[in-house]
2 protein chains.
Amino acid sequence: MKAGVSRSAVSRTFTPGASVSDETRLRVLRAAEDLGYHVNHLARGLTRRESGIVCMIVSDLATPYRSNLLRALTDQLQNAGRVAMLINTDRSDGSVNRALQQAVRYRADASVILSGMPDKSIIDLCLRSGQRLVLINRDEQQEGLLRINLDDAAAADTAARAFLRAGCHLVAFATSGAGTPSLVAREQGFLEAAKELGLQVIVERQGVTGYQCGRTIAQSLMTRRQRPQAVFCATDLIACGLMDAVRQEFGLSIPKDLCVIGFDDIEQASWSAYSLTTFAQPVDEIALQAVEWLSLPEGSAFAREPLVKLHANIVWRQTVRGG
Amino acid sequence: MKAGVSRSAVSRTFTPGASVSDETRLRVLRAAEDLGYHVNHLARGLTRRESGIVCMIVSDLATPYRSNLLRALTDQLQNAGRVAMLINTDRSDGSVNRALQQAVRYRADASVILSGMPDKSIIDLCLRSGQRLVLINRDEQQEGLLRINLDDAAAADTAARAFLRAGCHLVAFATSGAGTPSLVAREQGFLEAAKELGLQVIVERQGVTGYQCGRTIAQSLMTRRQRPQAVFCATDLIACGLMDAVRQEFGLSIPKDLCVIGFDDIEQASWSAYSLTTFAQPVDEIALQAVEWLSLPEGSAFAREPLVKLHANIVWRQTVRGG
DNA sequence: TTGTAAGCGTTATCAT
DNA sequence: ATGATAACGCTTACAA
């Protein structure tokens, strides 16, 4: 062709590990440079039957934890020579489904679901269209998918013990109204640990996970006859809202009057207005595991343990006495 | 084929506005359902010479403002029946360039650059490979690209006037060491407005935009012989850091001892720990404009004004006296 | 190592 | 309205 070589030579030049002589490769490369040629991945995907696209299905994208996870994921993905397609599932109307269809139509090799409460139908569609599937902090068990979960129970146990050491006996768990699997696991774990340690616990569920939810919970928790001496929040966002309300509306001091522990270790948890003791989601490790599994050769993917359980380390800051 | 019809019939069924009889369409649709058939967009892109993919080139993805903008953009994009490919330019090594190459190889129809300081070469590459390009809050002028900018000068002017009304005379501008075009525009605008109003202004530049940067600036601003009575922060993140440091390390009260105005109106600005008066980036409007332009038919795209200037409304909260 | 040729799933053109 | 057929740009046997 352009460099006086055949198509195949060109193809081989751009296929890692194909046999081309250095001479021809160079000629091709030079010609490509001149002509501004780039391999067409649409065409490549067509023949190779794999597109190199992996789909990120995410809701609440603008949330600190989610955006951070997405960052880590795309970073690793790029590193592995793949490319991320983003599907935003915030809306509840048909546009989500349309977007999802899109993903299928582009023959994505895989999808990573970091949506809080993905529709079961989403999972099915991905699986049916032959994609590999990674579920982060979710429950569904099915053939051919990888779940990456945190050890929520262990974290909850650590939290309960910290509260006990701080001399608290009446403690609370703050969470959203509708529970994602991980939120539920944290709640269960906390309940069990509390029971074992002889702690009395109030569970407070309000609205949607987020700052406002924390404020609402503070309201109902602090107007009780018996105020809890500590609260374990299912997410940092809840913790932030709760702390603001507790301090400003009830004039309490943290950790003197109330101990607080969060979950996620979002950026804001480290801000000195909060200095929140919390559990760090190992986002980079999550991303690494996901991408590694996606890069496994065809056969071995299913020989692997379909559940990765990661540990969430506690980050001690200033919201627990004697932490 | 499967439904006793030709390929073309199938194609037409899935091509909006093609002529198929209801009867055949129905037959095809039914067969597709049965066989789990989905149009292959890789192949379609190949023949149609447009992929339907638009590329989001973003750095600091986990930052509140960026992730929010990305959310708005993907949302609108999906709504318009297109799909977003995400390129994370955080790293400085080759992986960014590789990722970008990827995008080109997938024959993205367009790219939206929301990166703080994109390499000039990125812009060139996109343009050269025939993509349409949208630049958000950037400067570069070139044929065939749309710039969407905020009216930073007007906002800065509003801020200066607010400070004047609050009785401040010595004011400061807080920004990062390296200035993106919008940060520079805010600075310039503020300087000019201050001059016009007879305000004395200190410009403080430190490190990378973000919370820490705000803390550092507070440090150097509040240890001066003459403390400023107000500070206009180039971003909310800077404002948050500054406020925390000012309150906790210098025991000052806001807005009594110091007025603060931010920019972006990130979620945290509304948290009661800050209640920051700030300028709201009209992210939805930005996204709308971008997607609308991308959807313009071939010819008309270049007939249109290549610069959209949007207004950033001030959101009055509690950090300016008499706001 | 290199070239030839078939085929990947579409769409577009041209008949019918 | 429908069907045949030639692209689209690439990969991959297979042959040389």
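All figures in this text were calculated on a predicted structure; none of them were measured in a lab. Worth knowing before you read on, the calculation uses all heavy atoms, side chains too, and leaves out hydrogens, waters and symmetry mates. Throughout, protein chains are lettered first and strands after them, A, B, ... in sequence-line order, and every chain is numbered starting at 1.
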Send over the distance from [X] [atom1] to [N] [atom2], rounded to a whole Å.
| X | N | atom1 | atom2 | answer |
| --- | --- | --- | --- | --- |
| R44(B) | dG9(D) | CZ | P | 18 Å |
| L42(B) | dC10(D) | CG | P | 13 Å |
| N40(A) | dT10(C) | CG | P | 16 Å |
| R48(B) | dA7(D) | CZ | C1' | 15 Å |
| Y106(A) | dT10(C) | OH | C1' | 13 Å |
| R49(B) | dT13(C) | CZ | C1' | 16 Å |
| E23(A) | dT1(C) | CD | P | 13 Å |

Note, Q102(B) side chain near H41(A) side chain (heavy atom, < 4.5 Å): yes

Could you run down the sub-3.5 Å N/O contacts of the protein with nucleotides 4-7 of chain C?
residue: dT4(C); atom: O4; partner: S8(A); partner atom: OG; Å: 3.0

With R48(B) via side chain to side chain contact (heavy atoms under 4.5 Å, CB included) - residues at least two apart: T15(B), R44(B), E50(B)

Phosphate OP1/OP2 of dA12(C) contacted by S11(B) side-chain N/O (<4.0 Å): no

Side-chain N,O (Y37(B)) to OP1/OP2 (dT10(C)) below 4.0 Å: yes

Among dC8(C), dT2(D), dC8(D), the one nearest L46(B) by side-chain distance: dC8(D)

Options dT2(C), dG9(D), dT11(D), nucleotide nearest the side-chain atoms of T15(A): dT11(D)

First of A43(B) and S19(B) reached from the 5' end of DNA chain D, by closest nucleotide: S19(B)

Under the ring-ring contact (aromatic ring centres under 6.0 Å, His included) test, residues paired with F14(B) that sit two or more places apart: Y37(B)

Residue closer to the 5' end of DNA chain C, R27(A) versus V39(B) (nearest nucleotide): R27(A)

Contacts of type salt bridge (Lys or Arg N to Asp or Glu O under 4.0 Å), residue D90(A), not counting sequence neighbours: none

Listed partners of E285(B) passing side-chain hydrogen bond (donor to acceptor under 3.5 Å, both in side chains), at least two apart: Q289(B)

Counterpart residues, side-chain hydrogen bond (donor to acceptor under 3.5 Å, both in side chains), relative to E292(A) (two or more places apart): none

Polar side chain donor-acceptor pair, T74(B) to N88(A), under 3.5 angstrom: yes

